[in-house]
*Asks:* 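Here you go, one structure.
This structure is a prediction, so every number in the text was calculated from the model and none was measured. Counting begins at 1 with the first residue of the sequence. Counting starts at 1 for both ligands and their atoms, following the listed order.
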Amino acid sequence: METCNRVECYFHGLRSAMEFKDQLKCFGGQGHFDKVLSTSNLYLPDFDRVSMLLSENRPSSDNEYPLSTILESRLCEYHNAEHCVLYSSGFWALVAAIKLKAIAGKSNVIIPSMTYRRLADLVHWAGKIPVFVDVYEDGLAVSVEAVREAIDNDTALILAVHPIVNCCHVDSFIELSARENVPVIFDAVESVHETYKGKRIGSFGVGEVFSFHASKLINGCEGGYICTNEADFATDLRSFRDFCVVDSAAGKVFGLDARPIDGHAAFALAGLMEIDKNVAHNREIYSAYKKYLPDVHGLRLLEFDENEQTSYKNIVIEVMDDYPVSRDILVRFLNDEGLLARSHYDPPLHAKEYSYGVSVKGMANTNKVRTKFINMPCGSVVSVGDVEIIIQILKYIEDDTSLNTLLENTYISPA
Ligand SMILES: *Cc1c(COP(=O)(O)O)cnc(C)c1O
């Protein structure tokens, strides 16, 4: 394997480049994959483990949530957090955290523009105005300087979001928050299992929000949670979630029913127990992309910082100017071949239309990088063999100028 010509290796028994080409759907072939490959993690925990957890922890009355209680304490241990409060989803956990932490009487919540597509909506749900700020060109994390410049008299909260690869500058945001007297919370959905300067995400105390959606690292079917070391905040989060009126530091806040489903906790618990297996698989997928992608000219892998603990969950690549087709054309082509690659957080939030008020700060970096990055297929249903074929397809596009012309003509960008 080591010594053979790499391009030959990719062919995996296919006899010729011609055969490889004919199998592509765009040339009328049946495609190279017998299933659709997405960018979601879709980890399925061991079925017997889940059913055992369910049968051993049946509630004996309506108001008992035995699995949720166990899960909360396991999450405290896992994240090294003093409190952990489960929610029905990451979305509602974020809404609650914003409402309970925002400075009373102030209107604005600072968030990155290049992020999760519903982040502005949930700020609006929390009754606040999203203020979009820029990211770093390198690594795509929310910029500390951009947040600092955006802080003014109306700022109620900073919502710092961890990017898909690696983490944002946690300590700088915590320092900034203390210096400016503006609370910060973290959307840490994309940084489960990661460390920042050697310290586990979830252990920073101020309020870090996670999700158990099936697409995330730990699949709890659906659900979310918040880690914090602030006892009052944790109590308020519970009251809010349980439909109470909360007398919080942020004033009187009306809660809603955002309780988790106890049965989902069995999934999440099993997933948590099996996290090493989950991450080991993701690491294999990442290593395969890292090994083969340098052979494709014009594509670059966004690398995980392996000096930290990381989950290897997502594969983000940059389509550079010397790749023969644009990012948008590549995504459409891959989708038609059964590869559900996705444009990386595109459109960025500042480029969308809103039925509510928003504010947009400088977007030089976001506008520069927004057309460049792709999230590639990864997660538990993708195999190393799949990655090798994916790379072969990317390489094929690079090599075959007639295919390039075809793609340009078939998938002309609307822009
Ligand atoms: C998925 C996601 C959320 C929302 O989590 P849900 O549990 O799906 O509501 C929030 N932030 C980020 C960055 C996400 O990726």
*Asks:* Got a donor-acceptor contact below 3.5 angstrom from the Tyr286 side chain to the Phe304 backbone?
*Replies:* yes
*Asks:* Mind listing the N or O contacts between ligand 1 and protein, cut-off under 3.5 Å?
*Replies:*
from	atom 1	to	atom 2	distance (Å)
ligand 1	5 (O)	Ser211	OG	3.4
ligand 1	7 (O)	Gly90	N	2.8
ligand 1	7 (O)	Ser211	OG	2.6
ligand 1	9 (O)	Gly90	N	3.4
ligand 1	9 (O)	Phe91	N	2.9
ligand 1	11 (N)	Asp187	OD1	3.4
ligand 1	11 (N)	Asp187	OD2	2.6
ligand 1	15 (O)	Lys216	NZ	2.7

*Asks:* Without swapping roles, check the side chain of Glu274 against the backbone of Asp46 for a donor-acceptor pair under 3.5 Å.
*Replies:* yes
*Asks:* What I want to find out is whether Glu149 reaches Lys361 closely enough, with some N-O distance under 4.0 Å, to be called a salt bridge.
*Replies:* no
*Asks:* Please report the C-alpha distance between Asp134 and Thr366 in whole Å, then the side-chain angles of each, then the deciding distance to 0.1 Å, and finally whether the side chain to side chain donor-acceptor pair (under 3.5 Å) criterion is met.
*Replies:* CA-CA 6 Å; Asp134 213 354; Thr366 303; 2.5 Å; yes
*Asks:* Would you call Lys35 and Asp386 a salt bridge, taking side-chain N to carboxylate O under 4.0 Å as the test?
*Replies:* yes
*Asks:* Of Tyr225, Trp125, Phe243, Phe240, which is the lone residue that meets ring-ring contact (aromatic ring centres under 6.0 Å, His included) with Trp92?
*Replies:* Trp125
